[in-house]
Amino acid sequence: MKKIASAMALGLALAFTGCDLDTVPTDKMASTELQSTVDGEMAAMNGIYRAFYVDENWSTSYSTENFGLCAHHLMNELMGEDFVQNEPGSYWFTYDYYYWVRTEINNTSDRPHNLWNFYYQMINNANNVLASIDAAQGDEDRRANIKAQALTVRAFCYSRLISYYQRTYVGHEQDPGVPLYLEPTTAETEGKARGTVQQVYDQINKDLDEAIALFQQSNLAQDHISHVDLYVAYGIQSRVALVQHDWQKAANAAESALRKPGLSLMSTKDLLSGFNSCANSEWMWGSEIIESQGTSWASFFCLMDADAEGYASYARMCCSSWLYAMMDDDDVRKSWFEPAIPADEEEELGSHVSYCQHKYKVKSSSSWTADYLYMRAAEMYLNRAEALCRLKQYAEARQVLTDLCASRYDEGNFDLRLAKVTDSDEQTLESTESMEVKTLLDEILLQRRIELWGEGFRILDIDRLKIPMIRDYTTPVSNHTYYAQFSLEPDSWYPIMMLPMSEFDANPAMDPTKDQNP
């Protein structure tokens, strides 16, 4: 068959889904009419942004595990060692936690299929915008801005795909990556073979460079927190550069991202307010979700907030005992988690269980609807600090880390903590094998694990850092559940998804005997 998998063939169907952000009545217009104006193109982009949090189209069932980007963030955390699912409950996301899901290549409801399906749909929808935006009628600056948004979304989606379906960039540059599609596709489009990892990253960087230039050309402010903008593009560029060990680019891009007007770190009050609202000074990119567009049981907060009477009330999401022990008592972020509780005092429902999380709380107990976070300023501080440290610019790295962490501690105490580590880019605190922070890089990476807990970075960091993933530690005693207490060697294939059979069935350019991951 001369076609690609169904993920790419859906074309504009999803892109023109209406949402409250739309500026035209998309349900009354044909796709050709939509594509003829910048208003129509923006409506298409809004459809993509809405798709980032809906629970449909990505798999044939199991929508509770497929509510867009934050579902992937939860998966990324559960596959690491700092995040514990205290009990299986209804078994949502448990297969991710136990690593049972990566080999389910024949099931169109599991991760290998739904991740592939989701990101390629978003890429195809972005490609549709890119194919028509230059001819769209309307303001020139808006046209440039919308094109930049589509390029940024495409780069972001390819950065996720290459992370999920191949090991990290460094050392694997010529390994098989993922197929690259840069034009809109239909059911008749001939499928492509896997490009190399290098080719995929080259395209990601090309898209980001072009997007940044177009954002600068248009000089338009972000209309809505759900839209990617110049500073989000810089943020994604910083993430990608970290993976590629392009430390100077990572540092520069993070610094540029932090120049966003009005951006500032959250106050202590905001840090403890539930991470549920785009209306704060630190969020750079996220989905503002109104109650009528919420996804009810199939939502991040239903699975996270143990006091909201959702799935989390009997499948508690907790911090690992190791990471909790690594937090100082005067670190305000320690309040994100319950302390250790004697087993006979723990409750069967709700958050009264050791290390249960409170970082993510619903806005009100009557609904699981809350805003979703995709990027915030703290990540950029951490990206910059790490990159500067690896460049051996230790004084600058210390200052950036202090700028972030000083507000997390009682006055002056972070300075005392930081004074104990040596200026070195050696990584000795690889995972959970010790509890001694020796070097500046150790401290930066530990602060990253604490600050960004639950935000979707951990398994991606384990992969790019080429460190072991260890859950069966004994000091302190591991609180991971029995089936989850195992370790992985550095650069392991286990966190990497196998390719779905639906792609091999539909794409003659790919052969499962030659192109499948181990």
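We use all heavy atoms of the structure for the numbers below, so side chains are in, but hydrogens, waters and symmetry mates are not.
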Between [X] and [Y], do the side chains contain an N or O donor and an N or O acceptor separated by less than 3.5 Å?
X      : Y      : answer
Asn66  : Asn114 : yes
His358 : Glu338 : yes
Thr422 : Ser424 : no
Asp472 : Ser478 : no
Lys249 : Gln244 : no
Gln447 : Arg333 : yes
Ser320 : Tyr355 : no
Asn46  : His227 : yes
Asn413 : Asp330 : yes
Tyr120 : Asn125 : no
Ser321 : Tyr473 : yes
Gln399 : Asp403 : yes

With distance as the sole test, does [X] use its side chain to make a donor-acceptor pair with the main-chain N or O of [Y] at under 3.5 Å?
X      : Y      : result
Tyr165 : Gly177 : no
Asn145 : Ser218 : no
Asp442 : Leu429 : yes
Arg408 : Val332 : no
Arg471 : Gly80  : yes
Asn205 : Tyr201 : yes
Gln248 : Ala251 : no
Ser281 : Ser264 : yes
Asp371 : Ile289 : yes
Lys466 : Val170 : yes

Please give me the minimum heavy-atom distance between Pro476 and Ala325, naming the atom from each residue.
CG-CB, 4.2 Å
Could you tell me which non-hydrogen atom of Phe93 sits nearest to which non-hydrogen atom of Thr64, and how far apart they are?
CE1-O, 3.6 Å
Assess whether a salt bridge exists between [X] and [Y], defined as any Lys/Arg side-chain N lying under 4.0 Å from an Asp/Glu carboxylate O.
X      : Y      : value
Arg167 : Asp463 : no
Glu379 : Arg239 : yes
Glu41  : Arg143 : no
Asp305 : Lys361 : yes
Glu396 : Arg384 : no
Arg458 : Glu81  : yes
Lys359 : Glu455 : yes

Partners passing side chain to side chain donor-acceptor pair (under 3.5 Å) against Asp461 (at least two apart in sequence or in another chain):
Arg448, Arg464
Holding to side chain to side chain donor-acceptor pair (under 3.5 Å), I want the full list of residues that pass it with Lys438, two or more places apart in sequence or in another chain.
none
With side chains defined as the heavy atoms from C-beta onward, is the minimum distance between [X] and [Y] less than 4.5 Å?
X      : Y      : result
Leu208 : Leu151 : no
Arg449 : Met327 : no
Met375 : Tyr231 : no

Can you tell me how far the [atom1] atom of [X] sits from the [atom2] atom of [Y], to the nearest 0.5 Å?
X      : Y      : atom1 : atom2 : result
Phe300 : His72  : CZ    : NE2   : 12.5 Å
Ile146 : Met45  : CD1   : CE    : 8.5 Å
Leu441 : Arg390 : CG    : CZ    : 4.5 Å
Ile450 : Leu445 : CD1   : CG    : 11.5 Å

Ring geometry between [Y] and [X] (parallel below 30°, tilted from 30 to 60°, perpendicular above 60°):
X      : Y      : result
Tyr324 : Phe337 : perpendicular
Tyr372 : Phe301 : parallel
Tyr119 : Phe156 : perpendicular

Between Asp425 and Lys392, is a salt bridge (Lys or Arg N to Asp or Glu O under 4.0 Å) present by the stated rule, with each step listed?
CA-CA 7 Å; Asp425 61 347; Lys392 303 185 187 304; 3.1 Å; yes
Run the numbers on Asp96 and Arg111 for salt bridge (Lys or Arg N to Asp or Glu O under 4.0 Å), then give the verdict.
CA-CA 8 Å; Asp96 298 306; Arg111 293 286 175 227; 3.0 Å; yes
Walk me through it: do His224 and Glu288 pass the test side-chain hydrogen bond (donor to acceptor under 3.5 Å, both in side chains)?
CA-CA 9 Å; His224 193 274; Glu288 183 180 13; 2.9 Å; yes
Stepwise side chain to side chain contact (heavy atoms under 4.5 Å, CB included) test for Leu303 and Trp368:
CA-CA 9 Å; Leu303 288 144; Trp368 298 306; over 6 Å; no
Taking the ring of Phe457 and the ring of His73, is the distance between their centroids below 6.0 Å?
no
So, for Tyr53 and Phe67, is the gap between ring centers shorter than 6.0 Å?
no
Contacts of type ring pair (Phe, Tyr, Trp, His ring centres under 6.0 Å), residue Tyr394, not counting sequence neighbours:
none
With sequence neighbours excluded, residues passing ring pair (Phe, Tyr, Trp, His ring centres under 6.0 Å) with Trp336:
Phe275
Distance-only criterion, 3.5 Å: show the donor-acceptor pairs between side-chain atoms of residues 209-216 and protein atoms not counting sequence neighbours.
| from | atom 1 | to | atom 2 | distance (Å) |
| --- | --- | --- | --- | --- |
| Asp209 | OD1 | Gln237 | NE2 | 3.3 |
| Gln216 | NE2 | Tyr234 | OH | 3.0 |

Using side-chain hydrogen bond (donor to acceptor under 3.5 Å, both in side chains), reason through His480 and Tyr97 one step at a time and then give a plain yes or no.
CA-CA 10 Å; His480 283 279; Tyr97 184 41; 2.7 Å; yes
Salt bridge (Lys or Arg N to Asp or Glu O under 4.0 Å) involving Glu87 - partner list, sequence neighbours excluded:
Arg316
Decide yes or no on salt bridge (Lys or Arg N to Asp or Glu O under 4.0 Å) for Glu282 and Arg376, but give the supporting numbers first.
CA-CA 6 Å; Glu282 187 175 331; Arg376 64 184 177 104; 2.7 Å; yes
